[in-house]
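The block underneath contains the structure these notes are about, expressed in structure tokens.
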Amino acid sequence: MDHFPTNWGRPRNDAFDAYATYPIHQRPYNGPKDTFADGVQRTQQPIVTGTSVLAIKYKDGVMMAADNLASYGSLARFKDVQRLHQVGNYTVIGAGGDMSDFQYIQYILEELSIDEISAQDGHELGPIEIHEYMSQLMYARRSKMNPLWNSLLIGGFKDGKRFLSYVDLLGTTYSASTLATGYGAFIAQPLLRKAVEGREDVITEEEARKILEDSMRVLFYRDARSMNKFQIATISSAGVSISDSMQLETAWSFAENIRGYGAQTQ
Amino acid sequence: MFRNTYDSDNTVFSPQGRLHQVEYALEAVKQGSAAVGLRSKTHAILLALKRSTGELASYQQKMFRIDDHVGIAIAGLTSDARVLSNFMRQQAMGERMIFNRPMPVNRLVSSIADKAQVNTQEYGRRPYGVGFLVIGQDQTGPHLFEFSPSGNSYEYYAMSIGARSQSAKTYLEKHYESFADCNLEDLIRHGLHALRETLQQDKELNVNNTSVGIIGPMGQHEKPISPPGSFRILEGDKVEVYLQSMEKKEEAPAPVPAPASVPDAAPAPGSDEDVQMSG
Amino acid sequence: MISHGLTRLSLRVRGKLTCILTTMTSIGTGYDLSASTYSPDGRIFQVEYANKAVENSGTAIGLRVKDGVVLAVEKLIHSKLLVPGANRRIQTVDRHIGMASAGLLADSRKISQLARDSGAQTRKQWKEPLTVKALSDTVSWNAQTYTLYSSVRPFGVSTIFGGVDKSGPSLYIVEPSGVCLGYHGAAVGKGRQLAKTELEKLKLSELSMREAVMEAARIIYLVHDDNKEKEFELEMTWVGVESNDLHLPVPADLLEEAKKKAKDALETFE
């Protein structure tokens, strides 16, 4: 706001040099500007984010968990976001990171699925194909310096084989029998490894569910961008099922002893 | 066939709803030497008759590898075949890169069929002058397809294209029901018998003019292939053992040379000899 | 137009002879060599010739019934070496839309590409599956442009689009001319006249999908001319409540049942 009434209704000096104060080459230019004159800036950070995704292999297939929160910075902005997405009949993709980028990925994969269905020739995309596709997509985007800001877990079960793999915004891929993205990679991954590694063919569905639930609970205690509402996806020979949202049972009585939490008595 | 008003351009329908330029392109396929394809439950194979332009020239290549899991045999204009096979290779490589899987064979064939269709509908082009037999193996097993310049592609149990291919077709139609359970050696023998039907009177199959393409597990006369079961072309001495396995022609053409034993032989005997640019 | 009507009438009686009748006015006049040329009486012969390509092809029909759509095709088998069940003539456009066509198969594949692109476009812009009506409109618009220029030829296919969308079951035909009309019962290709007559006898809007499958099979078997034609294969798909609104092949057991009933009906018919 210009607070000098004498200036009101006149062109600004920086837009129009009415009195030819400046030599020609220094006069303000108001024509169209080259798009790249100032350079371009690509995504520097995710905006609305999802936190960890956890996944493990178990006896019958693969199980994956993610909570329902999409944060806007430290604000718990959206509390009913599904971060596990089914692709085709054999695959689930779970996403941490930028949720709008994830929605874009879901759109891309939907198009892909329809192309595959329309061929109607008995070929279907399984987790291996979808993981390869996603890793090529993520790597291509980071190579254009314009990444999709996500870390993704891709789990599936096809032709009697379970599959679990990771790909992130850099196009890095990694496979293991337990995987976790985001904060979960620090907090939950050690727990998952301890519970699962070497026992992939032994763990039952109930046990797998418990391992994931326990890990989600630990994450909820420790991760300030997490929420106690989450979903579990199971992928086995029976196909894909993504559960309704579940509530984590937590106990906070210990917190009374933490300085800075609750009413201070001392 | 004779010239008429509706055949000079591929953007013109004849009053009968036919596309003469496309039909002429199909004739170009018949100028090429024959190729035969057949498949069993485990294997898909191709056999082709190579031509040489003369004593000093080598034999024209009739088979091309597209990918580990796909190979083709051609009949017609070799130069067109090279363009299309190159395209197929790109498609197959793309599929491996993007999805980490061998490209479904039917989609590979459809991709060139769709390419060929455009050349039948737009001005200033000509339809491709080459036909393919495509064999391949994917998640749904071994396959045999025919691609033709009309932009159509079909899946067959067995098929032949090229000069005098009708004779081979007659053989295949007689025996195709037994192919499914054949082992590789029997399948190749059937293929050679069919290919033999396309020969002119005085010619016979030998190690120089016969190519065999195979997809499927290693046969008893073969050395291990890497990766196992991938497309390979047998030529020269490697074909000998299969040529040896052939049986004498069933109806021994006694003193009287009987072109009648070959029902729908090509128009005039020897008419394909002078076509030099085709494979 | 009068001569055209005459031809239609005489079609059943004289079969092939009628070809000569229609074309007598066109051949040799020079007005029939390009889609961009009218004849003196205002016809575009290249479009009519494209229709001939359609008429030479096996029949395709579509039934729009109470809770879905059934598509069926008389797929003529030009060689016994063909693998049965492969080489489909009914294609899938989108999850909920299928298309059956009569005419040049290669052209119909191009139509299906156009159709799928249109589906993808709609999804991208509106995040919504496209309607059969919108799809047929887009395709017919495209087909029409191929009737305007000498540098291209019209499509040699008539296509039946069938599907279930937010407005319920719909069925449309797009012709080589670019004409696009909605139908309760649709038939294109060689046997369309007889098929239409049969379709008209049905109370289509009261049929269930299963009943429609039976009727569709019966009609295809009926229109197939055993004497003149090669072998054929019945190909059938459906979209609607029975298939969870997905365009899918009719289940094998139901197809077999329909074939059997069709054959029985054929014997009593004759």
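Treat the numbers as computed from the prediction; the structure is a model and nothing was measured. A, B, ... follow the sequence lines: proteins, then strands. Residue 1 opens every chain.
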To the nearest 0.5 Å, what is the distance between CG (C/L130) and CZ (C/R116)?
-> 12.5 Å

Might you work through the salt bridge (Lys or Arg N to Asp or Glu O under 4.0 Å) test for B/R18 and B/E23, ending with a clear yes or no?
-> CA-CA 8 Å; B/R18 289 163 54 182; B/E23 291 177 13; 2.8 Å; yes

Has [X] got more than 12 heavy atoms of other residues, nucleotides or ligands less than 6.0 Å from its [atom1]?
X      : atom1 : value
C/F232 : CZ    : yes
B/Q90  : CD    : yes
B/R82  : CZ    : no

Members of residues 84-98 of chain C whose heavy atoms come closer than 4.5 Å to chain B = C/P84, C/A86, C/N87

Can you pull out the residues in residues 139-156 of chain C with any heavy atom less than 4.5 Å from chain B?
-> C/Y146, C/S150, C/S151, C/V152, C/R153, C/P154, C/F155, C/G156

Short N-O contact, [X] and [Y], less than 4.0 angstrom:
X      : Y     : result
C/K190 : C/E55 : no
B/R126 : B/D80 : yes
B/R101 : B/E95 : yes
C/E48  : C/R43 : yes

Result of checking B/F132, B/F87, B/Y154, B/Y128 against B/F147 for ring-ring contact (aromatic ring centres under 6.0 Å, His included) | B/F132

Contact part of [X] toward chain C, heavy-atom cut-off under 4.5 Å: side chain, backbone, both or neither?
X      : answer
B/T120 : both
B/L19  : side chain
B/A158 : both
B/S110 : both
B/R125 : neither

C/V174: which of C/S158, C/S136, C/S101 passes side chain to side chain contact (heavy atoms under 4.5 Å, CB included) = C/S136

So what's closer than 4.5 Å to chain B heavy atoms on C/K110: side chain, backbone, both or neither?
-> side chain

Is it the backbone or the side chain of C/D107 that comes under 4.5 Å from a heavy atom of chain B, or both, or neither?
-> both

Parallel, tilted or perpendicular: which fits the ring planes of C/H78 and B/Y156, with parallel below 30° and perpendicular above 60°?
-> perpendicular

Looking at C/A53, C/A35, C/G30, C/S34, which one has more heavy-atom pairs under 4.5 Å with chain B than the rest?
-> C/A53

Quick check, are the ring centers of B/F179 and B/H175 under 6.0 angstrom apart?
-> no

